Amino acid sequence: MNQFEGKVAVITGGASGFGKEFARIGAQLGMKLVLADVQEDALDTTVAEFKAQGAQVIGLRTDVSKAAEVQALADATMTAFGEVNLVFNNAGVGAGGLVWENTEKDWEWVLGVNLYGVVHGVRIFTPLMLEAAKKDPSFQGHIVNTASMAGLLNPPAMGVYNVSKHAVVALTETLYQDLSLVTDQVRCSVLCPYFVPTGISQSHRNRPAGLTNDAPPTRSQMVSQALSDKAVGSGKVSAADVGQLTFDAIRNESFYIYSHPQALATVRQRMEDIVSQRNPGDPFGDKSEVRASLVAALRG
Ligand SMILES: NC(=O)c1ccc[n+]([C@@H]2O[C@H](COP(=O)([O-])OP(=O)(O)OC[C@H]3O[C@@H](n4cnc5c(N)ncnc54)[C@H](O)[C@@H]3O)[C@@H](O)[C@H]2O)c1
């Protein structure tokens, strides 16, 4: 996709972090924006901010884990702007800790947002784009699904998140294959960031009351939260950088988008472990101190 001006972008998780940066770049390129987020106050502030800059933007409070709300988002987009060209299935949340300690509510919340949010987005928006492509040979569409390096690696004490993000990589690789069977006008990419300062380590701020755990966090969950606060907070690549390289990838029709290509050495090691039938190595690669600190915190 290389035409952005006047085109329509739908962004889930659009009120913070990467989503807000996608919106910022979309607005600079003259796109019409539809921002969806479950956090209403942040959504209202973001919509007002871009409106004040002269962007055509609407916001819709949407819980992406709910099919009916994603359908309502698509309906609102079509009513407001009549088409959709670029979809960012980006909303996401995290829950950590040793995998056997995660509750059913942890699984339901994280898979609901990170996996089903993307499933609903793909299911509901792809047919709209394919229909537009059939009617208009000049139509261009693109879908970006936000996964993570945790969709290519399996770091310890973040199993629910890893599972959700591996599923997003699998879904998006399949989407790529399926789209290529039927069209050249609609493309897709999978975004796999490493640690970048955003609100992600505080994602419990938007955890629904019905999916909140009754018991206090376990020791491993507290250790994992502290690790995630530190790793996310100290990231050197910014959300704005990730926004820019994502739009570059959309322009270049690049499928895999990485914020930290240097982390791919560890992905290569994992792939080599798999094909050589070696037992899994350390997913933190040359940062062996991370694993050592987890062992010390959990066995000590
Ligand atoms: N920041 C990182 O280090 C990092 C690394 C890898 C992947 N990611 C992924 O990037 C994506 C964006 O996260 P971010 O880092 O910008 O964090 P963020 O918390 O700043 O933004 C996420 C947004 O999603 C919204 N959201 C949460 N639950 C929702 C729901 N049910 N429906 C709709 N919106 C919902 C939040 O309100 C928030 O505005 C996520 O999928 C996350 O997993 C982030």
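What you are looking at is a predicted structure, and each value in this text was computed from that prediction instead of being measured. Just so you know, ligand 1 is whichever comes first in the structure, and atom 1 is the first atom listed for that ligand. Along the sequence shown, residues are numbered consecutively beginning with 1.
With atom 8 (N) of ligand 1 as the reference point, the heavy atom nearest to it among Tyr161, Tyr194, Phe195 is part of Tyr161. Counting only non-hydrogen atoms, the option in Asn90, Val232, Asn114 that gets closest to atom 11 (C) of ligand 1 is Asn90.
Between Lys287 and Asp282 there is no salt bridge, since no side-chain N of the basic residue sits under 4.0 Å from a carboxylate O of the acidic one. Taking 4.0 Å as the cut-off between side-chain N and carboxylate O, Lys66 and Asp63 count as a salt-bridged pair.
Residues His204 and Arg207 have side chains that never bring a donor and an acceptor to within less than 3.5 angstrom of each other. Side chain to side chain, Asp229 and Gln202 meet the donor-acceptor criterion of an N or O pair below 3.5 Å. Residues Gln140 and Asn2 bring a donor and an acceptor atom of their side chains to less than 3.5 Å of each other. A donor-acceptor pair shorter than 3.5 Å cannot be found between the side chains of Thr62 and Glu69. Side-chain contact of Asp106 with Asn213: a donor-acceptor pair under 3.5 Å is present, judged by distance alone. Between the side chains of Glu108 and Tyr116, no donor-acceptor pair of N or O atoms lies under 3.5 Å.
Side chain of Gln221 to main chain of Thr218: a donor-acceptor pair is present (N/O by atom type, distance under 3.5 Å, no hydrogens or angles). A donor-acceptor pair is defined here as one N or O able to donate and one able to accept, closer than 3.5 Å; such a pair exists between the side chain of Asn162 and the backbone of Pro155.
Looking at atom 29 (C) of ligand 1, its nearest protein heavy atom turns out to be Val38 CG1, 3.4 Å. Counting protein heavy atoms only, atom 20 (O) of ligand 1 is closest to Ser16 OG, 2.5 Å. For atom 24 (O) of ligand 1, the nearest non-hydrogen atom of the protein is Gly13 CA, 3.5 Å. For atom 15 (O) of ligand 1, the closest non-hydrogen atom on the protein side is Thr198 OG1, 2.6 Å. Looking at atom 37 (O) of ligand 1, its nearest protein heavy atom turns out to be Asp37 OD1, 2.6 Å. Nearest to atom 9 (C) of ligand 1 among the protein's heavy atoms is Thr146 CG2, 3.5 Å. Closest to atom 33 (C) of ligand 1, if we only count protein heavy atoms, is Thr62 O, 3.1 Å. For atom 32 (N) of ligand 1, the closest non-hydrogen atom on the protein side is Val64 N, 3.0 Å.
The N/O atoms of Val113, backbone and side chain alike, include none that comes under 3.5 Å of an N/O atom in ligand 1. Considering backbone and side-chain N/O atoms, Phe18 comes within less than 3.5 Å of an N/O atom of ligand 1. For ligand 1, one of its N or O atoms has an N or O atom of Gly199 under 3.5 Å away.
Taking the six-membered ring for Trp, Phe4 and Phe247 have ring centres closer than 6.0 Å.
Which parts of ligand 1 touch Gly92 is read off a 4.0 Å heavy-atom cut-off, strictly below it: atoms 24 (O), 40 (C), 41 (O). Remark: ligand 1 atoms within the under-4.0 Å shell around heavy atoms of Ala91 are 24 (O), 33 (C), 34 (N), 35 (C), 41 (O). The Ala147 neighbourhood of ligand 1 comprises atoms 7 (C), 9 (C), with distances under 4.0 Å to a heavy atom of that residue. Which parts of ligand 1 touch Val93 is read off a 4.0 Å heavy-atom cut-off, strictly below it: atoms 27 (C), 28 (N). Within the listing of ligand 1, atoms 36 (C), 37 (O) sit less than 4.0 angstrom from a heavy atom of Asn206. For ligand 1, the atoms closer than 4.0 angstrom to any heavy atom of Gly17 are 16 (O), 20 (O).
When each of Asn114, Thr12, Asn145, Thr172 is paired with Asn89, the side-chain hydrogen bond (donor to acceptor under 3.5 Å, both in side chains) condition holds for Asn145 and for no other.
For Ser203, no heavy-atom contact with ligand 1 is shorter than 4.0 Å.
Heavy-atom neighbours of Gln262 CD from other residues, nucleotides or ligands within 6.0 Å: above the threshold of 12.
Considering only heavy atoms from C-beta on, Phe255 stays 4.5 Å or farther from Arg187 through its side chain.
The closest approach between a heavy atom of Lys165 and any atom of ligand 1 is below 4.0 Å. Using a 4.0 angstrom heavy-atom cutoff, Arg205 counts as in contact with ligand 1. Between Gly94 and ligand 1 there is no heavy-atom distance shorter than 4.0 Å.
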